[in-house]
Protein chains: 2
Amino acid sequence: MLMQNAQTLSPTHPAKPVDRWAAEQNGAGTAGLDALGVRMAFARNAEIFGEGEPTSYVYKVVAGAARTYKVLDDGRRQISSFYLPGEVFGLEATETHHCSAEAVTRSVLLVIKRSALVSHAEAEHRTAHMLWALTARELQQVRTHMLVLIRSAQERVACFLLEMADRMGVTDQIELPMSRQDIADYLGLTIETISRTLTQLEGTGAIAVPTCRRILLRDRKALKRLHA
Amino acid sequence: MLMQNAQTLSPTHPAKPVDRWAAEQNGAGTAGLDALGVRMAFARNAEIFGEGEPTSYVYKVVAGAARTYKVLDDGRRQISSFYLPGEVFGLEATETHHCSAEAVTRSVLLVIKRSALVSHAEAEHRTAHMLWALTARELQQVRTHMLVLIRSAQERVACFLLEMADRMGVTDQIELPMSRQDIADYLGLTIETISRTLTQLEGTGAIAVPTCRRILLRDRKALKRLHA
DNA sequence: CGGATGCTTGACGGATTTCAACCATAGTGG
DNA sequence: CCACTATGGTTGAAATCCGTCAAGCATCCG
């Protein structure tokens, strides 16, 4: 459940301005959410919610990163999405979650009661439109990700790096919050292929990998060429 | 544009009861849409809308089938979804479509003005919830489809056959509206692999393929075993 | 009948997975 | 402080699966 690996920080703590930028990035004006939620900290790999659990809360990343995923019977895991600071996840139109969520690193999340949002949406159509827009934006991102999944390993990794840089608002250096296994499960590849592809891209001079979590984009054009 | 390959049938024609079942299948109570729309016929492979075009209309399949897709720079096409009778597509929260749509076979669609829906949603929160629920349902289906895309060819084809049978409301025999190329682009495979996999499944007795568009599910358990 | 289209089948090669060993880093306890 | 272990990452070799290229077949329609 929610409280297990989490620790409440400050109820109704006002949003810091740093959220503003990311909220606008999100494109659905989620800044209004900030006053409604409670901040909580989650340990690395802590469960945020499980598949099938009631959708009691909606989450917004304040710091750190989260992942949503499903697992197949054979144990393989597909990560649907990563969520970076300013991004919202866990919002469903149904009563239960249809995927699970975990903290990628130690993270701070804004936790908002879903019922408050839903009832507010019944009175204020702009709130209703925000909920719809948030879900629609996720749909668009997942559809875009499907396009990535049908490509070659090199192209998938290049797309991933560009996507992360874009969403983190940087251009030439990214600090990955997630492991190679996470990347593999997001891109539908194995960790060995991820590793090999990164060294391969490093060999062509497209990127540099000073430490395994830090990646420099040395030749964005070469990456974009793979991005299609 | 919309009218090019289409032919108006009867404005504000009342919905036939056959839609009712499929609408309930859709799970979002879209039966209320039926009175708002106009029926139009589309030829096989006719464009319904294109990527980037304004989202002026929402569509509900009355007869036939539709597909939504994106194309990569290299010409590869990824079909996001097929839509069967009773299902709704083309609904976006944004002002432009982010994928294209075509008729798979000669089809009849109910065409509904989006602006009517959106303004109705501002007054009636149940309509707003329906729009949200429709988008959320699509999100769920696309996420499920992502799970299919990371699997082996045999598993993908088995999943596809079971999904189609389920959505068409049948158990042991399906009449596919789409070509091998469509299936390939939906599953992220080539037509050759689709063909080979079908003959392979036929060899193990899981299915039978009397004609290339008609498929009998002879051993659902074997297929389900691949379905995970 | 002949051409077009769509489907099937075969042979081959390449890309990715699998299996395995090895390396780097960080944390632990003697 | 230094083994020692655990975890995560890299690298190599072999096997497998799927894509590519090519040919052949069936069906439809003029």
Side-chain angles (χ1 to χ4, degrees), chain A residues 43-45 67 72 74-79 102 104-106 148-161 174-204 207-215 226, chain B residues 43-45 67 72 74-79 102 104-106 148-161 174-204 207-215 226:
Chain A
R44 191 167 102 97
N45 294 326
R67 58 176 175 253
L72 295 177
D74 61 11
R76 291 185 68 183
R77 175 183 69 157
Q78 172 64 27
I79 292 183
E102 293 171 348
V104 173
T105 62
R106 174 164 180 76
V148 175
L149 291 181
I150 63 168
R151 312 175 70 137
S152 74
Q154 258 204 352
E155 292 171 325
R156 290 189 224 190
V157 172
C159 288
F160 171 74
L161 294 177
I174 51 184
E175 187 77 31
L176 295 175
M178 70 288 288
S179 69
R180 296 287 187 271
Q181 186 64 63
D182 282 336
I183 301 173
D185 291 349
Y186 181 58
L187 298 179
L189 299 167
T190 60
I191 49 173
E192 294 95 332
T193 302
I194 300 293
S195 189
R196 268 188 265 265
T197 306
L198 285 174
T199 35
Q200 202 174 332
L201 288 174
E202 196 171 19
T204 66
I207 63 171
V209 190
T211 78
C212 66
R213 294 295 181 103
R214 169 171 299 134
I215 295 182
L226 295 170
Chain B
R44 191 166 103 96
N45 295 326
R67 59 177 175 252
L72 296 177
D74 61 12
R76 293 185 66 183
R77 178 182 67 159
Q78 173 63 28
I79 292 182
E102 295 172 347
V104 174
T105 62
R106 174 164 180 77
V148 175
L149 291 182
I150 63 168
R151 311 176 71 138
S152 74
Q154 257 203 353
E155 293 171 325
R156 291 188 223 191
V157 172
C159 287
F160 171 75
L161 294 176
I174 52 185
E175 188 77 30
L176 295 175
M178 72 286 288
S179 69
R180 296 286 188 270
Q181 186 64 63
D182 282 336
I183 302 174
D185 291 347
Y186 182 58
L187 298 179
L189 299 167
T190 60
I191 50 173
E192 293 94 332
T193 301
I194 300 293
S195 189
R196 268 187 265 267
T197 306
L198 285 173
T199 36
Q200 201 173 332
L201 288 174
E202 195 170 21
T204 65
I207 64 172
V209 190
T211 79
C212 67
R213 296 293 181 103
R214 170 172 298 133
I215 296 183
L226 295 170

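Just so it is clear, the structure is predicted and the values come from calculations on it, not from any experiment. Proteins come first, then strands; the chains are lettered A, B, ... in the order of their sequence lines, and each starts at number 1.
No hydrogens or angles were tested; on distance alone, nothing pairs the side chain of B/Q154 with the base of D/dC18 as donor and acceptor under 3.5 Å. Donor-acceptor pairing under 3.5 Å, judged by distance alone, is present between the side chain of A/R196 and the base of C/dT18. A donor-acceptor contact under 3.5 Å is formed by the side chain of A/E192 with the base of C/dC19.
The separation between A/I183 atom CD1 and C/dT16 atom C1' is 17 Å, rounded to whole Å. One interatomic measurement links the two molecules: CD1 of A/I194 to P of C/dA15, which rounds to 17 Å at whole-angstrom precision. B/L187 places its CG atom 16 Å from the C1' atom of D/dC17, with the value rounded to the nearest Å. Atom CD of A/Q181 is separated from atom C1' of D/dG8 by 10 Å (rounded to the nearest Å). At whole-Å resolution of the value, CZ in A/R214 and C1' in C/dT25 are 15 Å apart. Computed from coordinates, the A/I150 CD1 to C/dA15 C1' distance equals 16 Å when rounded to whole Å. In this structure, B/N45 places its CG atom 12 Å from P of C/dT5, rounding to the nearest Å. Rounded to an integer number of Å, the gap from B/L198 CG to D/dC18 C1' is 15 Å.
When each of A/I183, A/D185, A/T190 is tested with A/L187 by the rule side-chain contact (heavy atoms from CB on, under 4.5 Å), just one qualifies, namely A/I183.
Dashed line: the shortest gap from a side-chain N or O of A/S152 to OP1 or OP2 of C/dA15 is not under 4.0 Å. The phosphate of D/dG19 has OP1 or OP2 within less than 4.0 Å of a side-chain N or O from B/T193. Phosphate proximity of C/dG6 to B/R213: absent, as no side-chain N or O sits under 4.0 Å from OP1 or OP2. The side chain of B/T190 places an N or O atom within less than 4.0 Å of a non-bridging phosphate oxygen (OP1 or OP2) of D/dG19.
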Between A/R77 and A/D182, is the salt bridge (charged side-chain N to carboxylate O under 4.0 Å, His left out) condition met? List the steps. CA-CA 9 Å; A/R77 175 183 69 157; A/D182 282 336; 2.8 Å; yes
Verify side-chain hydrogen bond (donor to acceptor under 3.5 Å, both in side chains) between B/R67 and B/N45, making sure each step is shown before the conclusion. CA-CA 9 Å; B/R67 59 177 175 252; B/N45 295 326; 2.9 Å; yes
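Each of B/C212 and A/R151 was matched to the nucleotide of DNA chain C holding its nearest heavy atom; the match closer to the 5' end belongs to B/C212.
Residue B/L189 is classed as a sugar-phosphate contact, given heavy-atom separations below 4.0 Å to backbone atoms only. Using a 4.0 Å heavy-atom cutoff across all strands shown, B/S195 reaches at least one base atom of the nucleic acid.
Proximity of A/I215 to A/L198: side-chain heavy atoms (C-beta onward) are separated by under 4.5 Å at one or more points.
Comparing D/dC21, C/dC7, C/dT16 by their closest approach to the side chain of B/R180 singles out C/dC7.
Not a single donor-acceptor pair under 3.5 Å links the side chain of B/Q181 to the backbone N or O of B/I191.
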